[in-house]
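Computed from a predicted model, the values in this text were never measured in an experiment. Throughout, residue positions are numbered sequentially from 1 according to the sequence presented.
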Amino acid sequence: MTQQRTGLNKCPNNTEAQNLPVVSQFHLMSLSEDPELQPILFGLFLLMYVVTVLGNLLIILAVTSDSHLHNPMYFFISNLSWSDICFISTTVPKMIWDIQNQSREISYVSCLTQMSMFIIFGCMDSMLLTAMAYDRFVAICYPLHYTTIMNPHLCALLVLLSVLASLLDSQVHNLVVQQFTYFKDIKISNFFCDPSQLLNLDCSEMFAKIIVTQFIGAFFGLFSTSGIFLSYYKIISSIQRVPSTSGKYKAFSTCGSHLSVVCLFYGTSIGVYVGSTVSNSPKNCAVASLMYTVVTPMLNPFIYSLRNREIKSALWRLLQRMI
């Protein structure tokens, strides 16, 4: 049983709230209501999902099977590929299923689960990009001590801290949403259970809700972006001291792939945030959300494979062994 329509778009008073049933499901927004576009959208997102999964799996296979890639940088790349596979798997399969079955309903439990997985792997992407920025900082600024500083124990610790921070972020959001009693609407203005959308549907003005929306998001966001910015500030300062132009280019070229992924991930995320505050169109926000939930995980393996000679060589050797 879903919330009565009389209570939609406004928060009920105490008397009305006692007569409202508990929300058991939500209604997700469709990217298009045109029946003729449904088969095209189904094929497009299925293709993008398959390309993303296969592309990231190839990166993981190349890193794990080639001894030349057994170093900290590629260890983080393979973990980022795993995170990207899980990240896109939290949203796209459900969207493909909904397009195929012409259904937009999602149960309350499934919505919370999807929200939790989305936060976990989205936060992991952010934390891993920060760890990779630190790895590039050590490689360029302290090349003689690189193997000593970026030892296997530190690399494993950085990945573990990324997982723990992501779980903490997810659990805090989950605990707050579970305290919600009444929702002013059951329609989520996105194609998945966006955490910001669920928090905005709540009728209560909880202090914990303010903490989640302001402090937790700002902390993890500022921590990651500050770590990346500080690392690249030190990298650029170190590169400027290199006398030759070719030496500067060679030093900074090792950061090219990572910097491209950082710009793509944070650029689209910030674009969605700014667009949601400026634009009142839920459709525009949903389309913008596709950029960092679908397009970014799909492009990451191409960025690392096309811009990295070692990965291209490892993929070629892997293909030869398979043939």
Side-chain angles (χ1 to χ4, degrees), residues 26-64 77-107 110-126 128-129 166 170 188-195 197 257 260-261 264-269 271-272 283-306 311 315 318-319 322:
F26 293 97
H27 188 84
L28 299 174
M29 190 185 73
S30 173
L31 292 176
S32 175
E33 300 295 341
D34 188 351
E36 296 181 357
L37 284 179
Q38 301 307 308
I40 298 175
L41 291 175
F42 176 82
L44 176 63
F45 288 117
L46 179 61
L47 177 63
M48 294 174 74
Y49 180 69
V50 171
V51 168
T52 303
V53 173
L54 291 180
N56 282 287
L57 281 177
L58 281 175
I59 296 293
I60 295 168
L61 287 174
V63 172
T64 55
I77 289 176
S78 61
N79 279 279
L80 181 66
S81 294
W82 275 119
S83 180
D84 280 339
I85 292 174
C86 297
F87 186 50
I88 195 173
S89 296
T90 62
T91 57
V92 175
K94 168 64 178 170
M95 181 171 59
I96 294 173
W97 175 267
D98 289 344
I99 293 173
Q100 177 66 20
N101 294 275
Q102 296 298 303
S103 172
R104 299 292 180 266
E105 306 298 329
I106 183 170
S107 68
S110 298
C111 190
L112 287 188
T113 303
Q114 187 183 58
M115 181 196 73
S116 300
M117 295 297 103
F118 175 82
I119 294 173
I120 288 173
F121 296 112
C123 186
M124 270 198 68
D125 270 13
S126 178
L128 286 172
L129 288 174
S166 303
S170 174
I188 297 176
S189 300
N190 215 327
F191 60 91
F192 67 99
C193 288
D194 190 346
Q197 294 287 335
S257 299
S260 301
V261 173
L264 186 63
F265 181 80
Y266 284 102
T268 53
S269 301
V272 170
K283 187 77 70 176
N284 292 340
C285 295
V287 172
S289 298
L290 287 172
M291 290 300 297
Y292 72 92
T293 58
V294 181
V295 177
T296 300
M298 182 183 68
L299 292 182
N300 283 355
F302 292 100
I303 292 173
Y304 280 115
S305 60
L306 294 177
I311 286 187
L315 288 173
L318 177 64
L319 180 61
M322 292 174 63

Other residues, nucleotides, ligands: >12 heavy atoms within 6.0 Å of Glu36 CD: no
Check: Met291 main-chain N/O paired with Thr296 side-chain donor or acceptor under 3.5 Å: yes
Euclidean distance, Thr113 OG1 relative to Met115 CE, rounded to 0.5 Å: 9.0 Å
Side-chain touch Asn300/Leu264, heavy atoms, less than 4.5 angstrom: yes
For Ser110 against Ser107, the heavy-atom pair lying closest together: OG-OG, 2.8 Å
Leu299 and Val261: CA distance, side-chain angles, deciding distance, side-chain contact (heavy atoms from CB on, under 4.5 Å) verdict: CA-CA 8 Å; Leu299 292 182; Val261 173; over 6 Å; no
CD-OG distance between Gln114 and Ser89, expressed to the nearest 0.5 angstrom: 11.5 Å
Counterpart residues, side-chain contact (heavy atoms from CB on, under 4.5 Å), relative to Thr64 (two or more places apart): Ile60
Residues that Phe192 engages under ring pair (Phe, Tyr, Trp, His ring centres under 6.0 Å), provided they are two or more places apart: Phe118
Between CZ on residue Phe265 and CG on residue Asp84, distance to nearest 0.5 Å: 8.5 Å
Side chain proximity check, Trp82 to Asn56, heavy atoms < 4.5 angstrom: no
side-chain contact (heavy atoms from CB on, under 4.5 Å) partners of Cys111, counting only residues at least two apart: Phe26, Ile106, Ile188, Cys193, Leu198
Worked check of side-chain contact (heavy atoms from CB on, under 4.5 Å) between Arg104 and Met29: CA-CA 7 Å; Arg104 299 292 180 266; Met29 190 185 73; over 6 Å; no
Full working for side-chain contact (heavy atoms from CB on, under 4.5 Å) between Lys94 and Leu28: CA-CA 11 Å; Lys94 168 64 178 170; Leu28 299 174; 4.2 Å; yes
Point-to-point distance, once rounded to the nearest 0.5 Å, from OG1 of Thr90 to CE of Met117: 8.5 Å
Heavy-atom pair of closest approach, residues Leu129 and Leu80: CD2-CD2, 4.1 Å
Heavy-atom side-chain proximity of Phe121 to Ser166 below 4.5 angstrom: no
Phe302 and Val51, any side-chain heavy atoms less than 4.5 Å apart: yes
Nearest-0.5 Å distance, CZ of residue Phe45 to CD1 of residue Ile40: 11.5 Å
Test item: Phe191 and Leu290 side chains (from C-beta on) under 4.5 Å apart, heavy atoms: yes
Test item: Ile88 and Val294 side chains (from C-beta on) under 4.5 Å apart, heavy atoms: yes
Distance-only polar pair, side chains of Asp98 and Ser103, donor-acceptor under 3.5 Å: no
Stepwise side-chain contact (heavy atoms from CB on, under 4.5 Å) test for Leu47 and Leu44: CA-CA 5 Å; Leu47 177 63; Leu44 176 63; 5.5 Å; no
Ile120 and its side chain to side chain contact (heavy atoms under 4.5 Å, CB included) partner, picked from Cys86, Ser170, Ser83: Ser170
Interatomic spacing from CD1 in Ile77 to CD1 in Ile303 - rounded to 0.5 Å: 11.0 Å
Pairwise side-chain contact, Leu315 with Leu58, heavy-atom cut-off 4.5 Å (strictly under): yes
Least distance between heavy atoms, Asn190 atom then Ser289 atom: ND2-OG, 3.2 Å
Donor-acceptor pair between Ser260 and Tyr304 side chains, under 3.5 angstrom: no
